[in-house]
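A quick write-up on the structure given underneath.
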Amino acid sequence: MTGPVHDRSPFEERDYLVAQITALSGELERMKERVSAHPHDVAMLERRLSDARAEARTTASNNERLAATLREARDQIVSLKTEVDRLAQPPASFGVFLAGHEENTADIYTSGRKMRVSVSPEVDVQALEPGREVMVNEAMNVVAALDFDEVGEVVVLKEVLDDGYRALVVGHGDEESVVRLGQKVRDEHLRSGDSLLIDRRVHFAYERVPKM
């Protein structure tokens, strides 16, 4: 069947369009007959399509639950790994800060020894006061600044020496010794007879004990 030709007469063009409509109508009827002849196949295809859609929805829901479970498991693994790493770290030691120096180094007293060690950049050496406790890692680097110790030996102040940084104190058995004065103690108006709390390991007085 050929397409329309522009030089056809109006009657020829009409006949051509009528023939086209008749052919298409016949093709439509044949398609309807094929569909009506196999209703079971059409219904089966519709059911399969519905089942596929339901399965897709179920799969999507399962995937969301699986993804949430995987995220939760990953968070737990990260938390456990962090805890394992923390527990695997070597134990930290403690010392007493004595004096700071250039290039982030400091003198400390730890494990019965006086040592010059490096200080972590996170610790402000200039803000450290002599007598304060510090935390040192396995490499003997100062990694944290702590407070002054709260316990020690109580002695009686006899006199503050001329340099203002040291004092003569009397301990048990009237034993005299010279100790360094912490900044907090130096800032107080000390008098002979005051009770001082000292760290005998480093010979440091870091607190005046009020009299009862």
Side-chain angles (χ1 to χ4, degrees), residues 72 74-212:
E72 182 179 354
R74 182 188 59 190
D75 293 341
Q76 291 179 355
I77 290 173
V78 171
S79 177
L80 288 174
K81 184 178 183 301
T82 301
E83 183 66 14
V84 169
D85 291 343
R86 185 185 68 82
L87 294 176
Q89 291 179 352
S93 301
F94 295 88
V96 178
F97 176 78
L98 301 178
H101 301 283
E102 297 179 352
E103 299 180 354
N104 261 29
T105 59
D107 293 340
I108 66 171
Y109 184 88
T110 181
S111 302
R113 295 181 298 170
K114 182 178 179 180
M115 302 177 64
R116 179 162 295 184
V117 299
S118 297
V119 181
S120 168
E122 298 179 359
V123 179
D124 186 3
V125 179
Q126 304 300 323
L128 283 176
E129 299 177 33
R132 286 182 63 173
E133 279 196 319
V134 292
M135 183 181 294
V136 294
N137 59 14
E138 187 181 20
M140 301 306 294
N141 298 323
V142 175
V143 295
L146 307 176
D147 207 343
F148 290 93
D149 201 350
E150 296 180 348
V151 296
E153 180 181 347
V154 178
V155 297
V156 177
L157 174 67
K158 187 172 183 178
E159 63 175 311
V160 177
L161 300 184
D162 293 338
D163 58 19
Y165 290 91
R166 297 176 299 160
L168 181 63
V169 298
V170 180
H172 297 293
D174 293 333
E175 179 184 358
E176 295 185 349
S177 58
V178 176
V179 297
R180 302 182 186 89
L181 297 175
Q183 184 63 50
K184 184 171 67 173
V185 178
R186 293 201 304 267
D187 292 341
E188 297 187 26
H189 183 64
L190 296 177
R191 296 180 179 179
S192 178
D194 285 343
S195 297
L196 301 178
L197 188 64
I198 70 169
D199 187 337
R200 181 64 73 178
R201 298 169 302 171
V202 291
H203 306 288
F204 227 102
Y206 47 86
E207 183 179 346
R208 183 174 67 173
V209 180
K211 294 181 180 180
M212 302 301 293

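Annotation for Gly100 and Val125: closest pair CA-CG1, 3.7 Å, computed over non-hydrogen atoms. Of all non-hydrogen atoms in Phe97 and Ala106, the two that sit nearest each other are CE1-CB, 3.6 Å. Between Arg191 and Leu157, the shortest heavy-atom contact is O-CD2, 3.3 Å. Summarising the geometry of Ala145 relative to Leu128, their closest heavy-atom pair is CB-CD2, 3.3 Å, with the distance given to 0.1 Å. Between Val185 and Arg208, the shortest heavy-atom contact is CG2-N, 4.3 Å. Of all heavy-atom pairs between Lys184 and Glu188, the closest is O-CG, 3.4 Å.
Under a 3.5 Å cut-off, the side chain of Thr82 and the backbone N or O of Val78 do form a donor-acceptor pair.
Looking at Leu146 and Arg132, their side chains never come closer than 4.5 Å, going by heavy atoms from C-beta outward. In this structure the side chain of Val136 never reaches within 4.5 angstrom of the side chain of Val143, judged on heavy atoms. Between Val178 and Leu161 the shortest side-chain heavy-atom distance falls below 4.5 Å. Residues Val160 and Leu181 form a side-chain contact, since some pair of their non-hydrogen atoms from C-beta on lies under 4.5 Å apart. Between Asn141 and Ser120 there is no side-chain heavy-atom pair separated by less than 4.5 Å. The side-chain heavy atoms of Thr110 and Phe94, taken from C-beta on, include no pair separated by under 4.5 Å. Val96 is listed as a side-chain neighbour of Asp199, based on a closest heavy-atom distance under 4.5 Å.
Taking a 6.0 Å sphere around CD of Glu176, one finds it holds more than 12 heavy atoms contributed by other residues, nucleotides or ligands. More than 12 heavy atoms of other residues, nucleotides or ligands lie within 6.0 Å of CG in Asp187, so this atom counts as buried by the packing criterion.
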| Could you go step by step and tell me if Leu196 and Val154 meet the side chain to side chain contact (heavy atoms under 4.5 Å, CB included) rule? | CA-CA 6 Å; Leu196 301 178; Val154 178; over 6 Å; no
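Here the CD atom belonging to Glu133 is positioned 8.0 Å from the OH atom belonging to Tyr206, to the nearest 0.5 angstrom. To the nearest 0.5 Å, atom CZ of residue Arg180 and atom CG of residue Leu98 are 5.5 Å apart. Met115 contributes atom CE, which lies 12.5 Å from atom OG1 of Thr105 (distance to the nearest 0.5 angstrom). Glu72 contributes atom CD, which lies 11.0 Å from atom CD1 of Ile77 (distance to the nearest 0.5 angstrom). Taken to the nearest 0.5 Å, the CD1 atom of Ile198 stands 4.0 Å off from the CZ atom of Arg200. For the atom pair NE2 (His101) and OG (Ser118), the distance works out to 12.0 Å, reported to the nearest 0.5 Å.
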Please table the atom pairs, donor to acceptor, closer than 3.5 Å between any side-chain atom in residues 163-172 and protein atoms at least two apart or in another chain.
| residue | atom | partner | partner atom | Å |
| --- | --- | --- | --- | --- |
| Asp163 | OD1 | Tyr165 | N | 2.9 |
| Asp163 | OD1 | Arg166 | N | 3.1 |
| Asp163 | OD2 | Arg166 | NE | 2.6 |
| Asp163 | OD2 | Arg166 | NH2 | 3.0 |

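Residues that satisfy the side-chain hydrogen bond (donor to acceptor under 3.5 Å, both in side chains) test with His203, not counting sequence neighbours, are absent from this structure.
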